[in-house]
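On a predicted model such as this, the values are computed, not experimentally measured, just so you know. For the single chain, residues carry numbers from 1 onward in sequence order.
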Amino acid sequence: MSTEHATSPLQDPRVRAVLDRIQAEHRRPAGGGPRGGTRDPHAFPDVGFAVHPAQGDLIYLLCRAVGARRVVEFATSLGVSTLYFATAVRDNGGGTVIGSEIVPEKAATALGNLAEAGLADLVDLRIGDARETLRDLGGPVDFALIDGWPVDSGPSLARQVMETVAPQLRRGALVMNDNAEPDYLDYIRDPANGFRTLSLPLKGSTELSVKVGPSTGT
């Protein structure tokens, strides 16, 4: 274990090697990515948009703390967050990481990364529109990552996916949001929707929430 990773809660050298390789291969998207150019996700089949290492470490630590066995993420991209989730679920004794990715090329890369880390058997990666593929998560969910993708108008994808996932979260489940979309924050900060929430100074702004009651509509 390198000095750089000495304080990380994720200490598996095989997983760390895959994460380090992905980070070393990372490149910035041409044209500024979806926020500065095209918003077609299929235009970036080999560019990863991932959580930062500090967010990944927090995902791992929190999943271990709550004994997470069923987790869900939107979206998987090249599988960085999936590696943190799957390692935590494995270390908790097993379970399922439900991923979502609309770009088939990215899904294939993510599955390759997971296989390299020895974690592929823990992941149910669903290819397609997460607003459809995540409608049935197969049981109560312990942790959700809601990342997203910018849209030109209407509700953000983060808000739409959250409204799909929220009724499937158990009481005490944790939710992390990566991009602090305003309408997502409106939803998660409204006590009527059954959450208590906190903004963390990670990657600009990371919203961490806990489900304390039933969501509206459940």
Side-chain angles (χ1 to χ4, degrees), residues 19 22-23 26 28-29 32-36 39-60 62-63 68 71-86 88 97-103 105-107 109-111 113-114 123-135 137 141-152 154-166 168-169 173-189 195 197-209:
L19 288 167
I22 295 172
Q23 185 173 5
H26 177 72
R28 293 185 177 277
R35 299 191 184 280
R39 294 188 171 179
D40 177 6
H42 296 277
F44 307 97
D46 57 351
V47 178
F49 300 93
V51 297
H52 285 187
Q55 292 172 302
D57 284 344
L58 183 59
I59 284 171
Y60 176 84
L62 291 174
C63 282
V71 303
V72 63
E73 62 174 5
F74 168 65
T76 295
S77 191
L78 303 184
V80 171
S81 54
T82 327
L83 288 161
Y84 285 100
F85 274 125
V97 180
I98 302 168
S100 57
E101 179 52 54
I102 200 169
V103 182
E105 296 91 339
K106 283 188 173 180
T109 299
L111 289 172
N113 289 331
L114 290 158
V123 179
D124 171 12
L125 180 49
R126 303 178 182 184
I127 303 173
D129 188 328
R131 292 169 292 186
E132 299 299 328
T133 64
L134 300 184
R135 286 190 178 277
L137 299 176
V141 172
D142 301 306
F143 197 114
L145 172 64
I146 307 294
D147 196 339
W149 193 263
V151 293
D152 292 321
S156 69
L157 288 176
R159 170 70 180 258
Q160 294 179 66
V161 172
M162 185 60 196
E163 290 179 340
T164 299
V165 169
Q168 304 179 74
L169 299 173
L174 296 171
V175 185
M176 182 183 290
N177 168 255
D178 188 32
N179 291 318
E181 294 89 343
D183 63 342
Y184 174 91
L185 296 180
D186 289 342
Y187 175 88
I188 207 73
R189 292 174 179 176
F195 293 88
T197 191
L198 174 71
S199 293
L200 303 175
L202 298 175
K203 197 182 177 183
S205 180
T206 297
E207 194 79 2
L208 182 65
S209 313

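To the nearest 0.5 Å, the span separating CG on Leu157 from OH on Tyr184 amounts to 13.5 Å. A distance of 10.5 Å separates CG in Asp142 from CZ in Phe85, rounded to the nearest 0.5 Å. The distance from the CG atom of Asn179 to the CG atom of Leu185 is 10.0 Å, given to the nearest 0.5 Å. The distance from atom CD1 of Ile102 to atom CD1 of Ile127, rounded to the nearest 0.5 Å, is 11.0 Å. Between the CZ atom in Arg189 and the CG atom in Leu198 there is a gap of 9.0 Å [rounded to 0.5 Å]. One finds the CG atom of Leu200 at 6.5 Å from the CG atom of Leu58 (value rounded to the nearest 0.5 Å).
Within the 4.5 Å cutoff, no side-chain heavy atoms of Ile59 are placed close to those of Val71. At a threshold of 4.5 Å between non-hydrogen side-chain atoms, the residues Phe74 and Val165 do not count as touching. The shortest distance between side-chain heavy atoms of Ile188 and Asn177 does not fall below 4.5 Å. Residues Glu73 and Tyr84 are not in side-chain contact: their nearest non-hydrogen atoms beyond the backbone lie 4.5 Å or more apart.
Minimum heavy-atom separation, Pro155 to Asp183: CA-OD2, 3.3 Å. Here the shortest heavy-atom pairing between Asp147 and Ala75 reads CB-N, 3.8 Å. The two residues Thr164 and Leu134 make their nearest non-hydrogen contact at CG2-O, 3.7 Å. Closest approach of Leu111 and Leu125 over heavy atoms only: CG-CD2, 3.8 Å. The nearest pair of heavy atoms linking Ala144 to Leu169 is CB-CD2, 4.1 Å. Nearest heavy-atom pair, Arg131 versus Arg135, reported as atom, atom and distance to 0.1 Å: O-NE, 3.2 Å.
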Where do Leu208 and Leu62 land on the side-chain contact (heavy atoms from CB on, under 4.5 Å) test, with the steps shown first?
CA-CA 11 Å; Leu208 182 65; Leu62 291 174; 3.9 Å; yes
Carefully, step by step, assess Thr76 and Lys106 under the rule side-chain contact (heavy atoms from CB on, under 4.5 Å).
CA-CA 8 Å; Thr76 295; Lys106 283 188 173 180; over 6 Å; no
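Judged purely by atom type and a 3.5 angstrom limit, Gln55 uses its side chain to pair as donor or acceptor with the backbone of His52. With hydrogens and angles ignored, the 3.5 Å screen pairs a side-chain donor or acceptor of Asn113 with a backbone N or O of Leu78.
Classification of the Phe195-Tyr187 ring pair by plane angle, with boundaries at 30° and 60°, yields tilted.
Shown are Met176, Glu181, Met162, Glu207; of these, the side chain to side chain contact (heavy atoms under 4.5 Å, CB included) with Ile146 is made only by Met162.
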